[in-house]
Participant: 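Let me give you the structure first, and then I'll get to my questions.
In what follows, chains carry the letters A, B, and so on, assigned in the order in which the sequence lines appear, proteins first and then strands, with residues in each chain numbered from 1. Note: hydrogens, waters and symmetry copies are ignored here, and every other heavy atom, side chains too, is used.
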Amino acid sequence: MAREAHRAPRGTRDLLPEDLILIRHLERTAHRVARSARYSEIRPPLIEETRLFARSLGETSDVVEKEMFTVPGRGGSDSSYTLRPEGTAGAARAYVQGGFPIRAPFQKWYYLGPMFRYERPQKGRERQFTQFGVEAFGSRDPRLDAEVVDLAVRFFEALGFGSELQVRVNTMGDEEDRGRWREALRAFFAPTLGERCDDCRARFERNVFRLLDCKVAGCRERNQGAPELLGLLGSDSAAHHRAFLSALRALGREPIEDPGIVRGLDYYTRTIFEIHYPPLGSRSALCGGGRYDGLIEEVGGPPTPAVGFAIGFSATELALGELGLPPAADLADLRAELGAEVYCVAITDQEREETLALAGELRRAGLTGVELDFRGKSAKAQFKEAGRLGARFALVLGPEERAEGVVVLRDMAERREERIPRAEAAAALAARLGR
RNA sequence: GUGGGCGUAGCUCAGUUGGUUAGAGCACCAGAUUGUGGAUCUGGGGGUCGGGGGUUCGAGUCCCCUUGCCCACCCCA
């Protein structure tokens with residue numbers, strides 16, 4: 001081994017052919033589910049101006065404060081670019097830049113691709129990870145919130161997750177509601193602040209909502225009886241929430257109201273939700289999302305409502321692994337692509353060039369998975385390799401065949417052979433492979 | 001950023017109270033009737049035991065440092 005072998009950067013990994021069987025299945029499932037409700041794919045750049053994220057995610061969010069991959073621009077001292085840590089900001093920016101708020105405000109989009117966060121890697125968390133997300137702009141209809149949730153649930157159902165999937169919902173209210181709630185919480189927590197953990201005391205100043213999901217047991221106890229936003233909602237927000245719950249039920253999704261859900265990013269308003277799969281235990285959260293009616297304005301557009309979610313593939317992969325999903329049959333076609341369909345065998349070295357030419361003809365004729373030996377293997381070893389690769393047919397070329405202008409077409413499974421004119425090989429294979 | 005665990009063949013791992021040429025399985029290669037396969041059998045290649053220092057007659061085994069990976073906390077997807 002080389003003394004200083006290069007390694008993939010910490011928190012990143014190579015997706016090798018074997019790994020891509022599962023990944024590609026996740027991707028196609030995402031495309032399919034998004035398509036089912038007419039969401040269209042978008043591909044914003046992987047880098048954005050740093051200030052876009054600072055603006056949309058919140059200056060004091062952990063992501064912005066210490067988790068971004070940022071590179072200085074070369075132009076001026078004020079230019080700076082950041083590898084996207086999430087997909088919503090870029091989508092919102094693209095929506096505004098593309099002029100959609102005016103020419104076609106209602107848009108249903110989705111994205112799928114790598115995101116980057118400079119964090120300490122651990123199980124289910126990488127510095128480069130993949131997210132599948134949807135964003136629906138231009139409507140404040142609570143039925144749209146429900147459609148988005150349903151989409152997320154169906155993604156997991158399509159992968160084989162069972163009926164234990166939970167939709168946990170909560171509401172963040174609008175800005176006014178949240179102002180009232182913030183003051184109520186501060187008034188509630190202030191007297192017992194001295195009995196809480198250091199983190200809570202810091203959060204009290206920075207973002208009082210976070211006290212609600214502190215993991216420390218003692219702190220949790222002191223959360224009992226904290227004012228709930230539900231009781232402080234203005235009539236619009238309350239009506240929205242009720243209609244959202246009703247719409248979910250109309251889709252056959254029974255929501256679980258969970259006041260403990262608090263999103264870490266600043267841009268959420270009203271509906272927020274998480275998809276959980278309790279059999280996974282502490283790592284049961286698979287998806288988070290919600291409504292962010294203020295975001296478009298935040299990134300320079302006119303007031304425009306929006307709702308969406310993001311699903312991280314890392315956690316999804318982990319969960320699938322624990323559950324033994326997806327069933328092998330769902331991956332069979334992708335797995336088969338790693339093998340060969342037709343293997344061209346050269347009996348002696350005299351046929352090696354011609355097997356290459358033969359393979360070329362087959363490929364030009366549209367056949368896929370056409371392979372031959374490039375390592376000087378014996379005829380026997382070539383058949384062995386053909387078998388290992390799962391080839392359905394072998395085309396055999398030896399001195400005799402060459403002299404007669406034919407090839408031997410061997411059906412690997414049936415172990416039957418027939419001689420056919422060399423010129424008809426491609427057509428014969430195409431017919432047998434159903435092409 | 002803070003803790004903890006682990007680095008032995010390409011992969012997954014054994015390696016006994018420190019003791020001779022460091023092992024297994026899988027994978028790879030080659031044979032087992034000179035032109036026919038996924039099984040079996042036989043054989044083969046391949047390791048500065050992460051790196052450095054120390055203790056010792058002797059270190060893969062013990063100690064220290066370093067580096068990498070993993071796990072947890074934080075936070076979240």
Participant: Suppose you measure atom C1' in rC41(B) against the same atom in rU48(B); what distance do you get, rounded to whole Å?
Facilitator: 35 Å
Participant: Mind checking who rU2(B) pairs with, Watson-Crick or G-U wobble, both distances under 3.5 Å?
Facilitator: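 The base-pairing partner of rU2(B), which may sit in any strand shown, is rA72(B).
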Participant: Return the value, rounded to whole Å, for the distance between atom CD of Glu385(A) and atom P of rG38(B).
Facilitator: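 One finds 12 Å between P of rG38(B) and CD of Glu385(A), rounded.
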Participant: Among the candidates rC69(B), rG37(B), rC73(B), find the nucleotide nearest to the side-chain atoms of Arg120(A).
Facilitator: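 The closest nucleotide is rC73(B).
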Participant: Mark yes or no for a side-chain to base donor-acceptor pair under 3.5 Å between Arg415(A) and rG37(B), with no hydrogen or angle criteria applied.
Facilitator: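 Result: at least one qualifying N/O pair found.
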Participant: Between the base of rU36(B) and the side chain of Glu417(A), is one N or O donor paired with an acceptor at under 3.5 angstrom?
Facilitator: yes
Participant: Tell me which nucleotide among rG35(B), rG1(B), rU36(B) gets nearest to the side chain of Glu400(A).
Facilitator: rG35(B)
Participant: Taking any strand in view, what nucleotide pairs with rG46(B) in a Watson-Crick or G-U wobble way, both distances under 3.5 Å?
Facilitator: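 Its partner is none (no Watson-Crick or G-U wobble pair with both distances under 3.5 Å).
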Participant: Under 4.0 Å, heavy atoms only, any strand: does Val396(A) hit a base, just the sugar-phosphate, or nothing?
Facilitator: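 Base contact.
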Participant: Look through every strand shown and name the nucleotide pairing with rA39(B) as Watson-Crick or G-U wobble, where both distances are under 3.5 Å.
Facilitator: none
Participant: When you match Thr348(A) and Arg127(A) each to their closest nucleotide on RNA chain B, which lands nearer the 5' end?
Facilitator: Thr348(A)
Participant: Within this structure, what is the CZ-OG1 distance for the pair Phe129(A) and Thr316(A), rounded to the nearest 0.5 Å?
Facilitator: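 Rounded to the nearest 0.5 Å, the CZ-OG1 separation comes out at 12.0 Å.
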Participant: Could you tell me how far apart Glu404(A) (CD) and rG35(B) (C1') are, to the nearest whole angstrom?
Facilitator: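 The distance from CD of Glu404(A) to C1' of rG35(B) comes to 14 Å, rounded to the nearest Å.
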Participant: Whole angstrom is fine here: how far is it from CZ in Arg410(A) over to P in rG35(B)?
Facilitator: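 Taking CZ of Arg410(A) and P of rG35(B), I get 15 Å after rounding.
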Participant: Give Gly133(A) one of three labels, base, sugar-phosphate or nothing, depending on what nucleic acid heavy atoms sit under 4.0 Å from its own.
Facilitator: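 No contact at all - Gly133(A) keeps every heavy atom at 4.0 Å or more from the nucleic acid.
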Participant: Between rU61(B) and rA27(B), how far apart are the two P atoms, rounded to whole Å?
Facilitator: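 31 Å, rounded to whole Å.
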Participant: In whole angstrom, give me the gap between the C1' atoms of rU8(B) and rG25(B).
Facilitator: 15 Å
Participant: Can Arg24(A) and Glu27(A) be counted as an ion pair, charged N to O under 4.0 angstrom?
Facilitator: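 Glu27(A) and Arg24(A): not salt-bridged.
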Participant: Checking base pairs now: Watson-Crick or wobble, both atom distances under 3.5 Å. What partners rU56(B)?
Facilitator: none
Participant: Between rG37(B) and Arg388(A), is there an OP1 or OP2 to side-chain N/O distance shorter than 4.0 Å?
Facilitator: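 Negative; the distance criterion is not met.
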Participant: With respect to the side chain of Gln122(A), which nucleotide from rA77(B), rU36(B), rC71(B) is positioned closest?
Facilitator: rC71(B)
Participant: Report yes if a donor N or O on one partner sits less than 3.5 Å from an acceptor N or O on the other, where the partners are the side chain of Arg125(A) and the base of rC74(B); otherwise report no.
Facilitator: yes
Participant: Provide, to the nearest angstrom, the distance between the CG atom belonging to Asp14(A) and the P atom belonging to rC11(B).
Facilitator: 13 Å
Participant: What about Glu126(A), does its side chain sit under 3.5 Å from the base of rA77(B) through a donor-acceptor pair?
Facilitator: no
Participant: Round to a whole Å and report the spacing from CD1 of Ile272(A) to P of rC76(B).
Facilitator: 11 Å
Participant: Give none if rG23(B) has no partner; otherwise give the nucleotide forming a Watson-Crick or G-U wobble pair with it, both distances under 3.5 Å.
Facilitator: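 rG23(B) is paired, partner rC13(B).
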Participant: Is the backbone N or O of Ala306(A) less than 3.5 Å from a side-chain atom of Asp293(A), with the two atoms forming a donor-acceptor pair by type?
Facilitator: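 Pair found, side chain donor or acceptor close to backbone of Ala306(A).
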Participant: When you measure from the side chain of Glu86(A) to the backbone of Thr88(A), do you find a donor-acceptor pair of N or O atoms at a distance under 3.5 Å?
Facilitator: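 It does hold such a pair.
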Participant: side-chain contact (heavy atoms from CB on, under 4.5 Å) for Arg419(A) and Val408(A)? Distances and angles first, verdict last.
Facilitator: CA-CA 5 Å; Arg419(A) 297 163 86 81; Val408(A) 167; 4.1 Å; yes
Participant: So, are Arg416(A) and Glu418(A) salt-bridged, with charged N and O less than 4.0 Å apart?
Facilitator: no
Participant: Say we look at rG54(B) and rC13(B): how far apart would their P atoms be, to the nearest angstrom?
Facilitator: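 To the nearest whole Å, 32 Å.
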Participant: Between Glu353(A) and Arg402(A), is there a salt bridge with N-O shorter than 4.0 Å?
Facilitator: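 No, Arg402(A) and Glu353(A) are not salt-bridged.
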Participant: Give one of base, sugar-phosphate or nothing for Gln350(A), where a contact means two heavy atoms less than 4.0 Å apart.
Facilitator: nothing
Participant: Roughly, in whole Å, what's the span from CD in Glu351(A) to P in rG35(B)?
Facilitator: 11 Å
Participant: Could you work out which one of rU2(B), rU36(B), rA30(B) sits closest to the side chain of Lys377(A)?
Facilitator: rA30(B)
Participant: If the P atom of rG60(B) is compared with that of rG51(B), how far apart are they to the nearest Å?
Facilitator: 11 Å
Participant: Provide, to the nearest angstrom, the distance between the NZ atom belonging to Lys123(A) and the C1' atom belonging to rG4(B).
Facilitator: 16 Å
Participant: Phe161(A) and Phe156(A): aromatic ring centres closer than 6.0 Å?
Facilitator: yes
Participant: Report which part of the nucleic acid Gln382(A) touches: base, sugar-phosphate, or nothing (heavy-atom distance under 4.0 Å, all strands).
Facilitator: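 If one applies the 4.0 Å heavy-atom cut-off, Gln382(A) turns out to touch nothing in the nucleic acid.
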Participant: Now, which nucleotide makes the Watson-Crick or G-U wobble pair with rU34(B), with each of the two distances under 3.5 Å?
Facilitator: none
Participant: What's the CD-C1' distance between Glu67(A) and rC73(B), to the nearest Å?
Facilitator: 14 Å
Participant: Distance check, P atoms only: rC69(B) and rC11(B), in whole angstrom units.
Facilitator: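 Straight-line distance between the two P atoms is 15 Å.
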Participant: Taking the C1' atom in each of rG1(B) and rC74(B), what is the distance between them to the nearest angstrom?
Facilitator: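 It comes out at 9 Å once rounded to the nearest Å.
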Participant: What's the gap between rG10(B) and rG47(B) when it is taken at their P atoms, as a whole Å value?
Facilitator: 8 Å
